[in-house]
A.B. asks: 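Handing you a structure now.
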Amino acid sequence: MDAEGQQNHLKAYGITYWTLQQQLKVKWLLNYRGGSFLLPDTERIQRECQIRGVSFEVLSNARAESILEEISSPSKNMEAVVLEKAPKIAVYTPKGKLPWDDAVTMVLTYAEIPYETVYDEEVLNDGLLLFDWLHLHHEDFTGQYGKFYGNYRTAAWYIEEKKEAEALATRLGYGKVSEEKLAVSKKIRDYVIGGGFMFAMCSATDSFDIALSAEGVDICEPMFDGDPSEPNYQSKIDYSKTFAFKNFTLERNPLVYEFSSIDMTQKRRIPKMTDYFTLMDFSAKWDPIPTMLCQNHTALVKGFMGQTTSFTRNEIKSNVLVLGENRTNGEAKYIHGIKGKGFFTFYGGHDPEDYTHRVGDPKTELDLYPTSPGYRLILNNVLFPAARKKKQKT
């Protein structure tokens, strides 16, 4: 999985997932040649690699043992993690969305990793309990319809989406979309606390935390929910309820395409040509989880924009790990934390290979980006739940 040896990094994750589906175990060699996968040598796996265009090497038993011995050396920042079971994947997304509306569904489809879609009804009916891993589509959990009002309030798609969201909330027994989305957010929160893995991108990151922090507080203006917001609602925000963020200030103006001070989009002064973020270096033996999530064939990854592009560094809670950052701009791009028995990862931006993805832009053709480092980070999270849990020292 290094830069020179692999011609299709993204489909290699699909091969690994497919191998797990065959009830075979895989070793993920953290920090060894870009985070390579050690698979059993069978004709079926070799043939599947050839069909999918994935580069591989056949090793003798002696060579494999030699590599594992090298990795186990205390002097090497490497680790071999056993992957045991293909995680069952859910993508939280509205029924009408197409796979290319979202980077995660796009890369899962490209890598040939199966997933199911869920939305509010399934979540509220405890449907998440059937899944190991949940991705949140670019959702607005605050009930403000993505803050698209300023630019798109007369667009047919905006009017239709608002009408559909209101009808769904009514059908599910809620008076407002914001109340229904809060109930969904709390179900997702409970799923993570109970041991689930949650991965969110773009606006699903900060809007999720904002919704939890504003429980019982009306932060929506009349064009969103039909009545005024509460006076002085900023002072009623409860940061203790959030997963990742603290001390943020909400954007009160409904015409501004922004939720809060968490997002760095409007505070960035980085030219596109020099917009990169750096992956952090962790101890593979002592910190295998963040090491797993940062596996790549480069430590420098191209930046990309989104409604929520990246996160203000000093508004991230101290118990949340920054996995990727642009230090010169004081922003975090990729963060990870523990909540109860579960884990969450937030990744800023919309599409790792579409710098300024806008409404109506054509889909990204991943055949053009089979070695995308930005997309690899998504797939690291997909395989993360498959790892055997190490017993903690007491």
A.B. asks: side-chain contact (heavy atoms from CB on, under 4.5 Å), that's the test. Do V104 and Y115 meet it? Break it down for me.
C.D. replies: CA-CA 10 Å; V104 174; Y115 65 91; over 6 Å; no
A.B. asks: Would you check if the distance from the ring center of Y239 to the ring center of F248 is below 6.0 Å?
C.D. replies: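 That pair passes the under 6.0 Å test.
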A.B. asks: Side chain of K333, backbone of F304: donor and acceptor closer than 3.5 Å?
C.D. replies: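 Yes: the side chain of K333 pairs with the backbone of F304.
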A.B. asks: Taking the six-membered ring for Trp, is the centroid-to-centroid distance between Y92 and H137 below 6.0 Å?
C.D. replies: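 Not close enough - the centres of the two rings lie 6.0 Å or further apart.
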A.B. asks: Which is it for W28 and T16 under the side-chain contact (heavy atoms from CB on, under 4.5 Å) test, yes or no, and what are the steps along the way?
C.D. replies: CA-CA 9 Å; W28 195 351; T16 302; over 6 Å; no
A.B. asks: Is it the case that more than 12 heavy atoms not belonging to K267 sit under 6.0 Å from its NZ atom?
C.D. replies: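 Counting neighbours around NZ of K267, more than 12 heavy atoms of other residues, nucleotides or ligands fall under 6.0 Å, so yes.
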A.B. asks: Quick check: Y375 with Y110 (ring centres under 6.0 Å apart)?
C.D. replies: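 Distance test on ring centres: not under 6.0 Å, no.
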A.B. asks: Establish whether V26 and I71 are linked, either directly or via other cluster members, by ILVMFWY side-chain heavy-atom contacts under 4.5 Å.
C.D. replies: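 Different clusters.
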A.B. asks: Which value, rounded to the nearest 0.5 Å, describes the distance between M106 atom CE and K363 atom NZ?
C.D. replies: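 That separation rounds to 8.0 Å.
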A.B. asks: Strictly below 4.0 Å, N to O, side chains only: are K11 and E112 in salt-bridge contact?
C.D. replies: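 Result for this pair is yes, salt bridge flagged.
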A.B. asks: Would you please classify the geometry between the Y13 ring and the F37 ring as parallel, tilted or perpendicular, with 30° and 60° separating the classes?
C.D. replies: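 Answer is perpendicular, since the angle exceeds 60°.
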A.B. asks: Answer yes or no: is there a donor N or O on one side and an acceptor on the other, between the side chain of Q6 and the main chain of S55, under 3.5 Å?
C.D. replies: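 Confirmed, Q6 side chain pairs with S55 backbone.
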A.B. asks: Report the C-alpha distance between W133 and V382 in whole Å, list the side-chain angles of each, state the deciding distance to 0.1 Å, and finish with yes or no for side-chain contact (heavy atoms from CB on, under 4.5 Å).
C.D. replies: CA-CA 7 Å; W133 191 84; V382 172; 3.8 Å; yes
A.B. asks: Give the minimum heavy-atom separation between T105 and D102, together with the two atoms involved.
C.D. replies: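 Residues T105 and D102, closest heavy atoms: OG1-O, 3.0 Å.
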A.B. asks: Between E139 and A204 (side chain of the first, backbone of the second, donor and acceptor by atom type, cut-off under 3.5 Å), is there such a pair?
C.D. replies: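 No: the side chain of E139 does not pair with the backbone of A204.
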A.B. asks: Give a yes-or-no answer on whether the side chains of T298 and N296 include a donor-acceptor pair shorter than 3.5 Å.
C.D. replies: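 Short answer, no.
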A.B. asks: How far apart are the closest heavy atoms of Y174 and A183, and which atoms are they?
C.D. replies: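 That would be OH-CB, 3.3 Å.
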A.B. asks: I188 versus V184: any side-chain heavy-atom pair under 4.5 Å?
C.D. replies: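 In contact.
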A.B. asks: Do NZ/NE/NH1/NH2 and the carboxylate oxygens of K186 and E215 come within less than 4.0 Å?
C.D. replies: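 Result for this pair is yes, salt bridge flagged.
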A.B. asks: I need the minimum non-hydrogen distance between S36 and M1, along with the two atoms involved.
C.D. replies: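 That closest heavy-atom pairing would be OG-N, 3.1 Å.
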A.B. asks: Compute the centroid of each ring, for F259 and then for F208, and state whether the two points are separated by less than 6.0 Å.
C.D. replies: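 When the ring centroids of F259 and F208 are compared, they turn out to be at least 6.0 Å apart.
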A.B. asks: Is a side-chain donor or acceptor of D209 paired with a backbone partner of T242 at a separation under 3.5 angstrom?
C.D. replies: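 Looks like no, no N/O pair under 3.5 Å.
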A.B. asks: Is there side-chain contact between T265 and M305, with heavy atoms separated by less than 4.5 Å?
C.D. replies: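 They are in side-chain contact.
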A.B. asks: With ring centroids as reference points, do F148 and Y158 lie under 6.0 angstrom apart?
C.D. replies: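 Centroid separation for F148 and Y158: 6.0 Å or greater.
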A.B. asks: Identify the heavy atoms of T345 and H336 that sit nearest to each other, and give their distance.
C.D. replies: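 In this case the closest contact between T345 and H336 is OG1-ND1, 3.0 Å.
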A.B. asks: Side chain of Q7, backbone of G5: donor and acceptor closer than 3.5 Å?
C.D. replies: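 No; zero donor-acceptor contacts below 3.5 Å.
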A.B. asks: When rounded to the nearest 0.5 angstrom, what distance separates CD in E121 from CG in L168?
C.D. replies: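 Between atom CD of E121 and atom CG of L168 there are 7.0 Å.
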A.B. asks: Hey, does the side chain of D354 reach the backbone of T364 with a donor-acceptor pair shorter than 3.5 angstrom?
C.D. replies: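 Looks like no, no N/O pair under 3.5 Å.
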A.B. asks: Can a side-chain donor-acceptor contact be found between N314 and T312 if the only test is distance below 3.5 angstrom?
C.D. replies: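 Not at all, the side chains of T312 and N314 share no donor-acceptor pair under 3.5 Å.
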A.B. asks: When rounded to the nearest 0.5 angstrom, what distance separates CD in E161 from CH2 in W157?
C.D. replies: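 It comes to 5.5 Å.
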A.B. asks: More than 12 heavy atoms of other residues, nucleotides or ligands under 6.0 Å from CZ of R327: is that the case?
C.D. replies: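 At most 12 heavy atoms, drawn from other residues, nucleotides or ligands, come within 6.0 Å of this atom.
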A.B. asks: Can you see which heavy atom on A244 is nearest to which on V320, and at what distance?
C.D. replies: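 The pair with the smallest heavy-atom distance is CA-CG2, 3.9 Å.
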A.B. asks: Shared ILVMFWY cluster between L83 and F56, side chains joined below 4.5 angstrom?
C.D. replies: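 No; F56 is not reachable from L83 via cluster members.
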A.B. asks: Examine V91 and F343 and state if one hydrophobic cluster contains both, with Ile, Leu, Val, Met, Phe, Trp and Tyr joined whenever side-chain heavy atoms are less than 4.5 Å apart.
C.D. replies: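 Yes, it is one cluster - the side chains of V91 and F343 are joined through contacts under 4.5 Å.
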A.B. asks: Given side chains that start at C-beta, do those of L293 and L321 come closer than 4.5 Å, heavy atoms only?
C.D. replies: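 Contact flag for L293/L321 side chains = no.
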A.B. asks: Could you pull out the closest heavy-atom pair between D140 and Y145, with the gap in Å?
C.D. replies: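 The pair with the smallest heavy-atom distance is OD2-N, 2.9 Å.
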A.B. asks: Look at the side-chain heavy atoms of Ile, Leu, Val, Met, Phe, Trp and Tyr, link any pair under 4.5 Å apart, and say whether L29 and F384 land in one connected group.
C.D. replies: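 No, it is not one cluster - the side chains of L29 and F384 are not joined through contacts under 4.5 Å.
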A.B. asks: Taking Q295 for its side chain and L30 for its backbone only, find out whether a donor-acceptor pair lies under 3.5 Å.
C.D. replies: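 Such a contact is absent between Q295 side chain and L30 backbone.
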A.B. asks: Judged by atom type as modelled, is there a donor-acceptor pair below 3.5 Å linking the side chain of Y191 to the main-chain atoms of D126?
C.D. replies: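 Looks like no, no N/O pair under 3.5 Å.
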A.B. asks: Test D41 against Q46 for side-chain contact (heavy atoms from CB on, under 4.5 Å), laying out the working first.
C.D. replies: CA-CA 7 Å; D41 181 24; Q46 285 196 34; 2.7 Å; yes
A.B. asks: If you measure only the distance, is there a donor-acceptor pair under 3.5 Å linking the side chains of E79 and T291?
C.D. replies: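 Note: E79 and T291 side chains miss the donor-acceptor criterion.
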A.B. asks: Quick check against the 3.5 Å criterion: does S261 have a side-chain atom that pairs as donor or acceptor with the backbone of T249?
C.D. replies: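 Such a contact is found between S261 side chain and T249 backbone.
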A.B. asks: Taking the side chain as every heavy atom from C-beta outward, state whether R153 and L255 have any atom pair closer than 4.5 Å.
C.D. replies: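 Touching, per the 4.5 Å side-chain cut-off.
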A.B. asks: Testing the 3.5 Å rule here: is there a donor-acceptor pair between the side chains of Q307 and D263?
C.D. replies: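 Q307 vs D263: no donor-acceptor pair found between side chains.
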A.B. asks: Kindly compute the distance separating CD1 (I67) from CZ (R33), expressed to the nearest 0.5 Å.
C.D. replies: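 CZ of R33 is found 8.0 Å from CD1 of I67.
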A.B. asks: Quick one, E160 and E164 - any side-chain contact, counting heavy atoms below 4.5 Å?
C.D. replies: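 The answer is yes; the side chains approach within 4.5 Å.
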A.B. asks: Side-chain heavy atoms nearer than 4.5 Å, only ILVMFWY residues, links allowed to pass through others: does that put L212 and F245 together?
C.D. replies: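 In one cluster with L212: F245, yes.
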A.B. asks: Is there a side-chain contact between K176 and F224 in this structure, where contact means two heavy atoms from C-beta onward sitting under 4.5 Å apart?
C.D. replies: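 A side-chain contact is absent here, since even the closest heavy-atom pair is not under 4.5 Å.
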A.B. asks: Is it true that E48 and R44 have a side-chain N and a carboxylate O under 4.0 angstrom from each other?
C.D. replies: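 R44 and E48: not salt-bridged.
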A.B. asks: Got more than 12 heavy atoms from elsewhere within 6.0 Å of CG, N253?
C.D. replies: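 Count over threshold, so yes.
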A.B. asks: Within the side chain of H9, is there an N or O that forms a donor-acceptor pair under 3.5 Å with the backbone of D2?
C.D. replies: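 The answer is yes, because a donor-acceptor pair under 3.5 Å joins these two groups.
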A.B. asks: Has K339 got more than 12 heavy atoms of other residues, nucleotides or ligands less than 6.0 Å from its NZ?
C.D. replies: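 Check passes, neighbour count above 12.
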A.B. asks: Would you check if I210 and S260 make a side-chain contact, meaning some heavy-atom pair closer than 4.5 Å?
C.D. replies: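 Answer yes - side chains close enough.
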A.B. asks: Got more than 12 heavy atoms from elsewhere within 6.0 Å of NZ, K88?
C.D. replies: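 Yes, the 6.0 Å shell around NZ holds more than 12 heavy atoms from other groups.
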A.B. asks: Side chains of Y355 and D275: do they bring a donor and an acceptor to under 3.5 Å?
C.D. replies: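 Indeed, the side chains of Y355 and D275 share at least one donor-acceptor pair under 3.5 Å.
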A.B. asks: Between S178 and D225, does the side-chain hydrogen bond (donor to acceptor under 3.5 Å, both in side chains) criterion hold? Intermediate values first, please.
C.D. replies: CA-CA 8 Å; S178 57; D225 68 351; 4.7 Å; no
A.B. asks: For residues Y334 and F277, establish whether the separation of their ring centroids is below 6.0 Å.
C.D. replies: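 Between Y334 and F277, the centre distance exceeds or equals 6.0 Å.
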A.B. asks: In terms of side-chain heavy atoms, does S372 have a donor or acceptor partner in E353 at a distance below 3.5 Å?
C.D. replies: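 E353 and S372 do have a side-chain donor-acceptor pair below 3.5 Å.
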A.B. asks: When rounded to the nearest 0.5 angstrom, what distance separates CG in D120 from NZ in K181?
C.D. replies: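 Here the rounded value is 3.5 Å.
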A.B. asks: Output yes when R63 and E57 qualify as a salt bridge under the 4.0 Å nitrogen-oxygen rule, no when they do not.
C.D. replies: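 The answer is no: the pair does not qualify as a salt bridge.
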A.B. asks: Could you check whether any side-chain heavy atom of N326 comes within less than 4.5 Å of a side-chain heavy atom of M264, counting everything from C-beta outward?
C.D. replies: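 Not in contact.
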